[in-house]
Amino acid sequence: MVIDENILYSVGAEIRIYKPSEYLFTEGERPNYYYQIVTGEVKLNNYNEDGKEFIQNILSAGQSCGESVLFIDRPFPMNAEALTECSVIRLHKDAFLELLNETPKLYREISSFLSQRLYYKFIMMQNISSPNPAIRLRGLMDYLKSFHHDESPYSYTIPLTRQQMANHTGLCVETAIRTIKHMERENIVKIRDRKILY
DNA sequence: TCATTAAAGTTAT
DNA sequence: ATAACTTTAATGA
């Protein structure tokens, strides 16, 4: 968790429920709130000129979003869409910044969270710039698996659909599927009832 | 080689 | 039932 919920409530935060496919915020909007996910999953994405989706990240309980842009005067560069039903704590920008001023410890925690995001972005950017789809997908899987602490092969079930994996790596679904099949033949992954074990 | 299109089967809602 | 996802195959850059 990023910030203790009780602290957020004490400075005026409110809880909001979002239905699947509802937006927390959209690209181009002016950021007015700090968001922290209590339950559910939120997808950060963009759409390119042809309307093709690119998933930037998928966030789950305990993670925050929107904070990256609260410190600067810029509109949101992405959409935040609820994937499942979500309960999200929302705190107004001014109250959020005020809270950080009063509590240096929180400043550090937010910085740490932002650093993690930056780290993720860097890793993903590295492997997504590879022309080889296997490297892109493996980079994604390696990153996801790095949070599960069992390193043995096939111990981690990829929590994404192939569609989502493709949209994460800028590949088309068909290429993602073919590449994953190829990886299965090479014993890099196992597939058990459509789930990818890595 | 990969994206795109089309078509069909499968799963989830 | 209907939408979303998965898979295979053909074609073209």
Side-chain angles (χ1 to χ4, degrees), chain A residues 15-29 35-66 76-90 117 120-148 150 152-198:
Chain A
I15 188 111
R16 297 207 45 182
I17 305 296
Y18 295 89
K19 297 283 175 203
S21 85
E22 226 182 313
Y23 286 100
L24 281 68
F25 54 78
T26 56
E27 194 173 352
E29 240 179 75
Y35 300 86
Q36 186 167 307
I37 303 166
V38 180
T39 63
E41 290 191 321
V42 173
K43 173 175 75 177
L44 301 181
N45 69 0
N46 290 109
Y47 293 95
N48 71 10
E49 317 75 45
D50 325 320
K52 187 180 171 187
E53 181 187 30
F54 194 95
I55 297 178
Q56 299 292 346
N57 208 343
I58 292 179
L59 308 176
S60 50
Q63 301 192 280
S64 71
C65 57
F76 283 119
M78 75 301 222
N79 308 290
E81 183 185 342
L83 279 180
T84 61
E85 173 153 315
C86 292
S87 51
V88 178
I89 294 181
R90 197 175 79 163
R117 282 294 177 69
Y120 163 83
K121 274 289 151 217
F122 191 81
I123 301 274
M124 288 308 281
M125 218 168 263
Q126 292 256 304
N127 69 60
I128 276 161
S129 62
S130 165
N132 182 340
I135 291 178
R136 296 204 215 177
L137 288 167
R138 234 183 141 161
L140 174 64
M141 295 194 301
D142 279 331
Y143 178 77
L144 293 172
K145 189 175 176 175
S146 72
F147 292 100
H148 234 246
D150 189 349
S152 52
Y154 320 128
S155 63
Y156 179 68
T157 304
I158 305 293
L160 301 174
T161 65
R162 286 151 179 72
Q163 188 81 207
Q164 287 173 326
M165 292 176 78
N167 291 343
H168 244 295
T169 48
L171 299 169
C172 67
V173 211
E174 294 87 342
T175 301
I177 288 168
R178 277 189 216 103
T179 308
I180 291 161
K181 288 247 155 111
H182 191 255
M183 286 174 161
E184 187 190 22
R185 270 178 247 127
E186 295 187 327
N187 295 317
I188 295 167
V189 298
K190 277 204 191 314
I191 296 173
R192 199 200 301 149
D193 46 59
R194 297 198 161 193
K195 288 290 172 194
I196 300 162
L197 309 187
Y198 181 55

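Being a predicted model, the structure only gives us computed values, none of them experimental. Here is the naming used below: chain letters follow the sequence lines, and residue numbers restart at 1 for every chain.
- Residues A:Tyr154 and A:Ile188 come closest through the heavy atom pair CE2-O, 3.7 Å.
- No side-chain donor-acceptor contact under 3.5 Å links A:Asn132 and A:Ser130.
- With A:Asn45 as the partner, the side-chain contact (heavy atoms from CB on, under 4.5 Å) test is satisfied by one option alone out of A:Met78, A:Glu81, A:Gln56: A:Glu81.
- Both A:Thr179 and A:Glu174 sit near DNA chain B, but only A:Thr179 has its closest nucleotide nearer the 5' end.
- For A:Arg185 and C:dT7, the CZ to C1' distance is 13 Å, given to the nearest whole Å.
- Between the CD atom of A:Gln163 and the P atom of C:dC5 there is a distance of 5 Å, rounded to whole Å.
- Taking the nucleotide of DNA chain C with the nearest heavy atom to each of A:Arg178 and A:Gln164, the more 5' of the two is matched to A:Gln164.
- When the C1' atom of C:dC5 is taken as reference, atom CD1 of A:Ile158 falls 17 Å away, rounded to whole Å.
- Taking atom CD1 on A:Ile191 and atom C1' on C:dC5, their separation rounds to 14 Å, with Å as the unit.
- In terms of heavy-atom proximity, A:Arg138 sits nearest to A:Tyr198 at NE-OH, 3.2 Å.
- In this entry the distance linking CD1 of A:Ile180 with P of C:dC5 reads 14 Å, nearest Å.
- Each of A:Arg162, A:Glu53, A:Lys52 was evaluated against A:Asn167; a single residue qualifies, A:Glu53, per the side-chain hydrogen bond (donor to acceptor under 3.5 Å, both in side chains) test.
- Distances shown here put a side-chain N or O of A:Lys181 below 4.0 Å from the OP1 or OP2 atom of C:dT8.
- Extent of DNA chain B lying under 4.0 Å from chain A heavy atoms, first and last nucleotide in 5' to 3' order, is B:dC2 to B:dT11.
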**Request:** Kindly determine whether A:Tyr18 and A:Leu24 satisfy side-chain contact (heavy atoms from CB on, under 4.5 Å), including the steps that lead there.
**Result:** CA-CA 8 Å; A:Tyr18 295 89; A:Leu24 281 68; 3.9 Å; yes

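- Between A:Asp193 atom CG and C:dT6 atom P there is a gap of 13 Å when expressed in whole angstrom units.
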